[in-house]
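One structure is given below, encoded as C-alpha cells.
Side chains are part of it too, since the values below use all heavy atoms of this structure and drop only hydrogens, waters and symmetry mates. The structure displayed is predicted, hence computed values, not measured ones. Lettering follows sequence order; numbering is per chain, from 1.
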Amino acid sequence: MILLIVALFAVTIITRILPAFIVGKFSLPEWIVTYLNYIPYAALGVLIFPGILTAVEQPVYGVLGGIFAIILAVLRVPLFFIVLGSIIFVYIIML
Amino acid sequence: MTQTAFKRSIMDGMTIGMGYLPVAVAFGITAKPLLSFFETVLMSFMVYGGASQFLALQMLTSSGALAIVIAVFILNSRHFVMAFKVNYDLKHESFLKRLLLSSYVTDESFAVTANNDEDQHTFTNYFATFFIAYAFWVAFSAVGYLAGEWMSEGVILASGIALYALFIALLIPAVRVHYKYGIVAALGMVMHYVLGTIPFVPSGIAIVAAILLAALLGVILERLEVFN
C-alpha cells in the first residue's frame, strides 16, 4: 500500500512540476500567451459542468445551489461567503 | 483594495480550504474501511488530489496497482496545463521557488490564483494560498477518518456544493470583465459533456481535451474578431 502511494505521488508530482522546467527557457509566441490566458476560464467551465449535477444528492439541488452561488457572486459577496452560503442554502433545501 | 496582497492571499487559501473541508472529510470516511490511518494521511500528504485519491480508493478492490497508477496519471495530467499557467504568471521568480509552488497545484489552487490580482503574483503570496489549502486538505482527511461518524450526514452531503460554488464564484467576476470568458467557460462545459458521453474515453483525457479545445476556440474567436 505504501509503495502504491509512493507511485501515485510520483505520477502526480511529475505532471505538476514539469512546466517549471519548461517555462522561462524560451519566450512564448504571442498566440500561446493569449491561449494560456483562456485556460483558466475553459478549466472553470469544464470543472463546473457536468460535475455539478452529481455534486449533491440530486442534480436539481446541485443546479439550484449553483444558481444561488451565481446570485451571490453577481451581488459581489466575497468568495469565502459564497462557498459558505451555498453550503447552507443546499443544506436548507435538502431538509 | 483595502487589504494587503498578503492578507488577500491568506484569505484565498482559507477559501480553498473551506471548499476542501467536506471533500477531505468524505475522503477520510471513505478510506477508513480500506486503509490504515497512517496510509490515509500519507495519501493526502503525498498525492494531494481529491479526484485522484477517490479514484484510487474506488479501484483498490477491483484493479491492480499498475492500472490505478495509470488511471491517476491520466486524471492528473490536467495539472500540467494548470501548472504551466502558474509558472508563466510567476516566470519572474526563481526556478526552485516555481518548482516548490508547482507541486501544490490543484484545480482549486490554480483557479483561485489564476484570478487573483497582479500584486499577489509573488512567491510568498502564492505559497501562503497554496500551503493553507494543502494544510486543510491533509488535516481534514485525518479528521474525516477519525471523527467521520460523529458528523452530521446532512451537512457533509450539502457540502458537496462547496467546490462548485468556489468555481462559479471565480468565473462570475471574469465574465463581468468581459463576456468572452463566459463564452469560453460555456464551451468548456459543452466540450466536457460531449467528450464525457463518448465511451472508453478516460475522464482525465476528457477533462484535458475539453480545457485545451475550449481555450483554443477562445483564441480562434478572438482572432476572427467575434469578441468586441
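Within a 6.0 Å radius of CZ in F37(B), more than 12 heavy atoms belonging to other residues, nucleotides or ligands are found. Annotation: F38(B), atom CZ; neighbour count of heavy atoms from other residues, nucleotides and ligands within 6.0 Å does not exceed 12. Within a 6.0 Å sphere centred on CZ of F54(B), other residues, nucleotides and ligands contribute more than 12 heavy atoms. Other residues, nucleotides and ligands contribute at most 12 non-hydrogen atoms within 6.0 Å of the CE atom of M14(B).
Both the backbone and the side chain of M43(B) come within contact range of chain A, each with at least one heavy atom under 4.5 Å from a heavy atom of that chain. Both the backbone and the side chain of Y48(B) come within less than 4.5 Å of a heavy atom of chain A. When heavy atoms are compared at a cutoff of 4.5 Å, L217(B) does not approach chain A at all. Proximity to chain A (any heavy atom under 4.5 Å) is shown, for A206(B), by neither the backbone nor the side chain. If you measure heavy-atom distances from F21(A) to chain B, the contacts under 4.5 Å come from both the backbone and the side chain. At a 4.5 Å heavy-atom cutoff, L187(B) makes no contact with chain A through either its backbone or its side chain. For chain A, no part of L101(B) is nearby; none of its heavy atoms comes within less than 4.5 Å. Residue A186(B): no heavy atom, backbone or side chain, is found under 4.5 Å from chain A. Within the 4.5 angstrom heavy-atom criterion, atoms from both the backbone and the side chain of F73(B) approach chain A.
Of the possible polar contacts, one joining the Q53(B) side chain to the G49(B) backbone as a donor-acceptor pair under 3.5 Å is found.
Comparing I48(A), V56(A), L3(A) by heavy-atom pairs within less than 4.5 Å of chain B, the highest count is held by I48(A). Among Y164(B), Y88(B), Y104(B), the residue with the largest count of heavy-atom pairs under 4.5 Å with chain A is Y164(B). Between chain A and the options S152(B), A165(B), A56(B), heavy-atom pairs under 4.5 Å are most frequent for A165(B). Of the listed residues (G196(B), P173(B), G154(B), G17(B)), the greatest number of heavy-atom pairs within a distance under 4.5 Å of chain A belongs to G154(B). Chain A forms more heavy-atom pairs under 4.5 Å with one residue of I161(B), V190(B), V184(B) than with any other, namely I161(B). Between chain B and the residues I2(A), V74(A), I92(A), T34(A), the most heavy-atom pairs under 4.5 angstrom are made by V74(A). Your options are V23(A), L28(A), I13(A), and the one with the most heavy-atom pairs under 4.5 Å with chain B is V23(A). Among the candidates V77(A), V6(A), L79(A), I70(A), the residue making the largest number of heavy-atom pairs closer than 4.5 Å to chain B is L79(A). Between chain A and the residues I16(B), V208(B), I183(B), I172(B), the most heavy-atom pairs under 4.5 angstrom are made by I172(B). Here M189(B) is the residue among M191(B), M189(B), H79(B), M18(B) with the most heavy-atom pairs under 4.5 Å with chain A. Interface check for chain B: of the options V83(A), V46(A), I87(A), the most heavy-atom pairs under 4.5 Å are formed by V46(A). For the set A7(A), A10(A), G51(A), G85(A), the entry with the most heavy-atom pairs within less than 4.5 Å of chain B is G51(A).
For S52(B), the side chain to side chain donor-acceptor pair (under 3.5 Å) partners two or more places apart in sequence, or in a different chain, are N76(B).
Annotation: side chain of I52(A) is in contact with side chain of I168(B) (closest heavy-atom distance under 4.5 Å). E39(B) is listed as a side-chain neighbour of I5(A), based on a closest heavy-atom distance under 4.5 Å.
Identified under the salt bridge (charged side-chain N to carboxylate O under 4.0 Å, His left out) test for residues 82-91 of chain B, with sequence neighbours left out: K85(B)-D89(B). Pairs passing the salt bridge (charged side-chain N to carboxylate O under 4.0 Å, His left out) check and including a residue from residues 174-195 of chain B, sequence neighbours excluded, read K180(B)-E222(B).
The closest side-chain donor-acceptor pair between N87(B) and E93(B), if any, does not fall under 3.5 angstrom. Side-chain contact check for S109(B) and Y126(B): no donor-acceptor pair (N or O, by modelled atom type) lies under 3.5 Å.
Using a 4.5 Å heavy-atom cut-off against chain B, the contacting residues of residues 37-44 of chain A are N37(A), Y38(A), I39(A), P40(A), Y41(A), A42(A), A43(A), L44(A).
Applying side-chain contact (heavy atoms from CB on, under 4.5 Å) to F80(B) and the options I17(A), I22(A), I14(A) leaves one that passes, I22(A).
Separation of the Y20(B) and F136(B) ring centroids does not fall under the 6.0 Å cut-off.
Between Y193(B) and F49(A), the ring planes are tilted. Angles from 30° to 60° get that label. Ring geometry, Y35(A) versus W31(A): the interplanar angle falls from 30° to 60°, so the pair is classed tilted.
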